[in-house]
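Written out below as structure tokens is the structure these notes cover.
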There are 2 protein chains.
Amino acid sequence: MEKLQKIDYYKKLGLKITPQRLAILEYLENNREHPSAEDIYNALKERFPSMSFATVYNTLEVLMEKGLIKEIGIDSSKKRFDPVVHPHHHFICRKCGHILDVEKDFDIIIPQELSECKILDFQVVFSGLCPECKED
Amino acid sequence: MEKLQKIDYYKKLGLKITPQRLAILEYLENNREHPSAEDIYNALKERFPSMSFATVYNTLEVLMEKGLIKEIGIDSSKKRFDPVVHPHHHFICRKCGHILDVEKDFDIIIPQELSECKILDFQVVFSGLCPECKED
DNA sequence: CTAATTGCAAAAATTTTGCAGGACT
DNA sequence: AGTCCTGCAAAATTTTTGCAATTAG
């Protein structure tokens, strides 16, 4: 999407566009590492030396409310965020913590035991060793 | 398993059996709520008023090394632990955080894009609203 | 102009660590 | 007896919050 179109799009969602927010959005969009709040903070503090964690967390929360990003509960040591909100799956390396996207579709039948629940989503999480770590 | 047999079993794994460890193991075995370290601490501090978090975390780590429990990375706000170590799946309620076990077997074909990885495990995580929360 | 956002600093929540004394085998 | 474990307290990590100053619309 063109940059101006994007800003319009965000505005239509009711987001106030600040330079910090744009930078966070842009960082997320160009990053497939599923960054944590700290990753984002570190990546942007050069361009915005005065930016605080409050802004990062605040922005992440607003972006989640608007459905532009998702929190992925895979890395139990910290929250990580994903700008790819369509249903997809993940692989996490047990050694280095690297998370890879898995775009394949799986044919999952909702099991009987969850018939009383309202299922909104599911994801498959693979775990093991990534190509780099399996060599060591 | 009989209590004495269990103690023998733990000893054979090289675990030193202390009253605190036995209590933590027992608590985990009889609890299908996927408790956090704090849940365990709170549940046991009546019986062991002097017990500290260090002991809870230390014990959890030892139990994980021995393969008696697993850490489940589903609730991104805190680590939660599962004494059911055979492969199985989960449902988490987006509202109350309740985690349910899903014992069904899913036929998952390891996708092409992970062929370079060593896959050790996978789990399906459903999310939505549990029977109680979907009424509100 | 008004309401929302930022930055700061303090606090809360969760997890980890060092170490002295105590318990298990 | 020797090693491992416990408990305490302090520290490290991650996330949240209150508030005054600033900025976007």
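Here is the naming used below: chain letters follow the sequence lines, and residue numbers restart at 1 for every chain.
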OP1 or OP2 of dT16(C) versus the side-chain N and O atoms of Tyr57(B): is any pair under 4.0 Å? no
Taking CG from Asp8(B) and C1' from dT25(C), how many angstroms apart are they, rounded to a whole number? 13 Å
Minimum-distance nucleotide (side-chain atoms of Ala37(A) versus dT6(C), dC24(C), dT15(D)): dT15(D)
How long is the line joining CD1 of Ile24(B) and P of dC5(D), in whole Å? 12 Å
How long is the line joining CD1 of Ile40(B) and C1' of dT15(C), in whole Å? 13 Å
Take the protein atom NZ of Lys11(B) and the nucleotide atom C1' of dC4(D), then report the distance between them rounded to whole Å. 15 Å
Scan Ser36(B) against the nucleic acid and name what it touches under 4.0 Å (heavy atoms): base, sugar-phosphate only, or nothing. nothing
Whole Å only: how far is the CD atom of Glu61(B) from the C1' atom of dT16(C)? 9 Å
Can you tell me which nucleotide in dA4(C), dT3(D), dC8(D) comes closest to the side chain of Lys16(A)? dA4(C)
Ile99(A) versus Glu33(A): any side-chain heavy-atom pair under 4.5 Å? no
Sidechain-backbone polar pair: Asp8(B) side chain, Gln5(B) backbone, donor-acceptor under 3.5 Å: no
Please indicate whether Glu61(B) has more than 12 foreign heavy atoms, meaning atoms of other residues, nucleotides or ligands, lying under 6.0 Å from its CD. no
To the nearest Å, give me how far apart OH (Tyr41(A)) and P (dT6(C)) are. 14 Å
Could you work out which one of dT5(C), dT17(C), dT6(D) sits closest to the side chain of Gln20(B)? dT6(D)
Between Thr55(A) and Arg80(B), which residue's closest nucleotide on DNA chain C lies nearer the 5′ terminus? Thr55(A)
If you measure from CD1 on Ile24(B) to CG on Leu63(B), what distance do you get to the nearest 0.5 Å? 7.5 Å
Please check if the distance between the ring centroids of Phe122(A) and His89(A) is under 6.0 Å. yes
Which part of the nucleic acid, if any, lies within reach of Pro49(B) when heavy atoms closer than 4.0 Å are counted: base, sugar-phosphate only, or nothing? nothing
Can you identify which nucleotide, out of dT17(C), dC24(C), dA3(C), has its nearest atom closest to the Ala54(B) side chain? dT17(C)
The nucleotide from dC24(C), dT15(C), dG7(D) with an atom nearest the side chain of Met51(B) is dG7(D)
Residue-phosphate contact under 4.0 Å: Thr18(A) side-chain N/O, dT6(C) OP1/OP2: yes
Within the 4.0 Å heavy-atom criterion, would you say Lys78(A) contacts the bases, only the backbone, or no part of the nucleic acid? sugar-phosphate
What's the closest nucleotide to the side chain of Ser52(A) if the choices are dT15(C), dG7(C), dT6(D)? dG7(C)
Counting heavy atoms from C-beta on, name the nucleotide in dT16(D), dT14(D), dT6(D) closest to the side chain of Glu38(A). dT14(D)
